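Computed from a prediction, not measured in an experiment: that's the story for all the values here. Lettering follows sequence order; numbering is per chain, from 1.
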Number of protein chains: 2
Amino acid sequence: MNDVARSAGVSLKTVSRVVNGETTVAPDLAARVQAAVASLGYRQHLGASMLRRNDRRTRTIGMLLEDVSNPFSAAVHRAIENEARGRGVQVLTGSLDEDPQRERDLAAAFAERQTDGLILAPTGADLGHLAAHTAMPVVFVDRTPTGTTGDTVISTNVSGAAGAVRHLVARGHRRIAFLGDHRRLSTARDRHLGYERALGRRAGPVVHDLHDPLAAERATIALLRGPEPPTAIFAAQNTITIGVVRALRRLGRAHSVALVGFDDFPLADLLDPPVTVVAQDPARMGGAAAEALFERIAGYDGPPREIRIPTTLIPRGSGEL
Amino acid sequence: MNDVARSAGVSLKTVSRVVNGETTVAPDLAARVQAAVASLGYRQHLGASMLRRNDRRTRTIGMLLEDVSNPFSAAVHRAIENEARGRGVQVLTGSLDEDPQRERDLAAAFAERQTDGLILAPTGADLGHLAAHTAMPVVFVDRTPTGTTGDTVISTNVSGAAGAVRHLVARGHRRIAFLGDHRRLSTARDRHLGYERALGRRAGPVVHDLHDPLAAERATIALLRGPEPPTAIFAAQNTITIGVVRALRRLGRAHSVALVGFDDFPLADLLDPPVTVVAQDPARMGGAAAEALFERIAGYDGPPREIRIPTTLIPRGSGEL
DNA sequence: CTACTGCGAGACAACGTTGTCTTTCGATTT
DNA sequence: AAATCGAAAGACAACGTTGTCTCGCAGTAG
């Protein structure tokens, strides 16, 4: 910037004015400065700028999801990026792998970098530590927070799960198993609640705390080989659904045990049978979360909001046996 | 920081020393400072710190891929994050959607934020503009750059594609179609080259510039309904492979037309028939790119390196008809 | 012709931190 | 006992930028 000022024969402040598009600069001076900027390849130092400015915005937000390579998280990520794009905001990302320690550390690392806000899919651990970062608004996505409050964007987990189970009941199933994720997660609890609401006293075998396809595959095999095997399975999460598909395939029961999964996944329609799912709308969830965050960043100060994104049952075959 | 200094009864500089773990502070003073830091919830302002420091590191890198929600990109992203994690480095991300303008803009936006480096999957357009950001080393991943040079991490596209095609030839196929992405992309060109090398004058019908499943589906249908339909298809990219699968399914030819895809995708093994692919190793690619970048950031100044990550043919059924 | 107004441009300080230099003071050496 | 040394802590400036204040000058009103 010094070089630009010298080369254009003006003061530092005038360069600053031109770079920031202030109108109180004479046209000829402005043109000289522009030329110097272009020829020297000068670029603003955003860090220094934000240090001095009054608004203190870095035009950068943080995003912490379970695992950026999981299709659900990746779709949320992409939707957040799309919202940020139009506002000239960049996105810092991180995967939590269900690790509360990592959740704390990354939230702190983002706060140190003065991100303007944070979108977080909580691990389920207590989030009291977020209170330390007062200047950074936080919006929760996919799961409701524990130990703090804030705008939250979630799927209609209870009613979506209940709808899936009622779909199976309507097809005549009476013994419907539930396979779910860690109970620490609000999504797993809510989907289990929907399952229970739909079945009442007729609830079938329930297996909790499954978190990867392999565990789900083993649990499915155990259920089907056990006494009173279920005639239908409700898989409460996409990795679980995939494990169940693998198990049914291995046992040759893909066409004789019904399956409905929560959360859609790529190619579900090309499997045999095609997998019936309760689809979430991760793109809409990410978009809504980003919108809510930008409202908070802009200064909106109302009470915490809960934004519920509806799910859609997509019958494809596996749940209609 | 002022508050901490006052509360501990020391100078600003001493607080700085304690926060940065310098050893030249008396233990009792250090303890008083630590206590003040904890009770006031003080956190370093990384922007101001980096402004003053000599090394000028933000401990932040940028990453620009085609689309963070594409499984290949997402796996690369995750591997980069893993490398960054151990070094306390955060990752700014962006999707380019094959848009050169966006590539320029985001590279500039990252440079303004003083990212220590950039990992880029180029769109194929001229990258001369990167020269403006001298302080930011760039490593290319997945595709070779145009208009500039730098460390590049790519799959063995030519030999991988040739291997796929030879696999089909060995199964007796003589009329093998090639379906590929935009020729502007080095990957599409290299895979086509491998196809030609393997077939020589016997090269079959070739369709270029397909970039989504729908286009690939239409192209496949046209080929199979045309004169001299191919008996086997080599799909040079994962979204194309999926389009081909859909087309074969629609035409009822899934078991009578052979298919090998370049790049593996989730659930390929659960389709009917399971899809034979030339698997890339996106995790290793992302990891290698991040490693190379961190070496450059650390000051390594050798000539541009090309790191070639081998591909693996995974026969699953669709290519063995 | 003086006094005022308004506008463009520069001087200076400040943002939160750390590099460098200086000061203080107790301990060691001769 | 005087001189020297080293370690610990503070004073000050600087990083690159912009908010605020001031200054000079031209134009206008009285």
Side-chain angles (χ1 to χ4, degrees), chain A residues 1-34 36-37 40-60 108-116 133-136, chain B residues 1-34 36-37 40-60 108-116 133-136:
Chain A
M1 187 153 161
N2 268 308
D3 301 339
V4 172
R6 205 171 320 117
S7 150
V10 298
S11 73
L12 276 181
K13 181 68 222 200
T14 299
V15 177
S16 168
R17 281 192 256 258
V18 172
V19 168
N20 289 286
E22 291 178 33
T23 52
T24 61
V25 182
D28 58 325
L29 267 197
R32 277 220 315 275
V33 172
Q34 298 279 17
V37 165
L40 295 172
Y42 165 77
R43 298 224 129 248
Q44 244 191 74
H45 187 303
L46 227 61
S49 171
M50 102 89 155
L51 189 60
R52 186 58 178 91
R53 291 186 110 94
N54 285 333
D55 69 349
R56 289 306 181 86
R57 293 282 157 73
T58 53
R59 306 193 77 70
T60 303
F110 289 176
E112 275 189 338
R113 284 169 176 74
Q114 325 297 125
T115 56
D116 298 336
H133 316 122
T134 38
M136 183 173 72
Chain B
M1 188 155 160
N2 268 309
D3 300 340
V4 172
R6 204 171 322 117
S7 151
V10 298
S11 74
L12 275 181
K13 180 69 221 199
T14 300
V15 176
S16 168
R17 281 193 254 259
V18 173
V19 168
N20 289 286
E22 291 177 33
T23 52
T24 61
V25 182
D28 57 325
L29 266 197
R32 275 218 319 270
V33 172
Q34 297 279 20
V37 164
L40 294 173
Y42 166 78
R43 298 227 128 243
Q44 234 188 52
H45 187 302
L46 228 61
S49 171
M50 101 90 154
L51 189 59
R52 186 59 176 91
R53 291 185 110 94
N54 284 333
D55 70 349
R56 289 304 183 88
R57 294 281 156 76
T58 52
R59 306 192 77 69
T60 303
F110 289 176
E112 274 189 337
R113 284 169 176 74
Q114 327 295 126
T115 56
D116 298 336
H133 317 122
T134 38
M136 181 172 74

Self-check item: Bend angle of the helix from C/dC1-D/dG30 to C/dT30-D/dA1, from helix axes over five pairs at each end, nearest 10°
Solution: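 Taking the rotation axis at each end, their angle is 50°.
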Dump every N/O contact between nucleotides 4-8 of chain D and the protein below 3.5 Å, one line per pair.
none

Taking side chain to side chain donor-acceptor pair (under 3.5 Å) as the test, write out the residues that go with [X], two or more places apart.
X       : answer
A/Thr60 : B/Arg113
A/Thr58 : A/Asp116
A/Thr14 : A/Ser11

Quiz item: What's the spacing between B/Ser49 OG and B/Arg59 CZ if we round to 0.5 Å?
Solution: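 The OG atom of B/Ser49 sits 10.5 Å away from the CZ atom of B/Arg59.
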Quiz item: Between CG of A/Leu46 and CZ of B/Phe110, what distance do you get to the nearest 0.5 Å?
Solution: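 Interatomic distance, A/Leu46 CG to B/Phe110 CZ, rounded to 0.5 Å: 12.5 Å.
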Self-check item: Pairs where residues 4-29 of chain B contributes a residue and the test salt bridge (charged side-chain N to carboxylate O under 4.0 Å, His left out) is met, not counting sequence neighbours
Solution: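 Of all non-adjacent pairs touching residues 4-29 of chain B, those that pass salt bridge (charged side-chain N to carboxylate O under 4.0 Å, His left out) are B/Asp3-B/Arg6.
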Exercise. Tell me, please, which residues at least two apart from B/Arg53 pass salt bridge (Lys or Arg N to Asp or Glu O under 4.0 Å).
Key: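 None.
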Quiz item: With A/Arg52, which residues qualify under salt bridge (Lys or Arg N to Asp or Glu O under 4.0 Å), at least two apart?
Solution: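 Applying salt bridge (Lys or Arg N to Asp or Glu O under 4.0 Å) to A/Arg52 gives none.
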Quiz item: Quick one: does B/Arg56's side chain have a donor or acceptor within less than 3.5 Å of a partner on B/Leu51's backbone?
Solution: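 Present.
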Exercise. Determine, stepwise, if the pair A/His45 / B/Glu112 fulfils side chain to side chain contact (heavy atoms under 4.5 Å, CB included).
Key: CA-CA 6 Å; A/His45 187 303; B/Glu112 274 189 337; over 6 Å; no
Report, one pair per line, the protein and nucleotides 13-19 of chain C atoms (nitrogen or oxygen only) whose separation is under 3.5 Å.
| residue | atom | partner | partner atom | Å |
| --- | --- | --- | --- | --- |
| C/dA14 | N3 | A/Arg52 | NE | 2.5 |
| C/dC15 | O3' | A/Arg56 | NH2 | 2.6 |
| C/dC15 | O2 | A/Arg52 | N | 3.4 |
| C/dG16 | N2 | B/Ala48 | O | 3.3 |
| C/dT17 | OP1 | B/Tyr42 | OH | 2.8 |
| C/dT17 | OP1 | B/His45 | N | 2.9 |
| C/dT18 | OP1 | B/Asn20 | OD1 | 3.2 |
| C/dT18 | OP1 | B/Asn20 | ND2 | 2.7 |
| C/dT18 | OP1 | B/Arg53 | NH1 | 3.3 |
| C/dT18 | OP2 | B/Ser16 | OG | 2.5 |
| C/dT18 | OP2 | B/Asn20 | ND2 | 3.2 |
| C/dT18 | O2 | B/Arg52 | NE | 3.0 |
| C/dG19 | N7 | B/Lys13 | NZ | 2.8 |

Self-check item: Contact state string [nucleotides 23-28 of chain C, B base, S sugar-phosphate only, - no protein heavy atom under 4.0 Å]
Solution: ------
Quiz item: Residues two or more places apart in sequence or in another chain: which of them pass side-chain contact (heavy atoms from CB on, under 4.5 Å) with B/Ala108?
Solution: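 If we apply the side-chain contact (heavy atoms from CB on, under 4.5 Å) test to B/Ala108, skipping adjacent residues, the hits are A/Arg43, B/His133.
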Self-check item: Close side-chain approach of A/Val18 and A/Val37, heavy atoms under 4.5 Å
Solution: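 Answer no - side chains too far apart.
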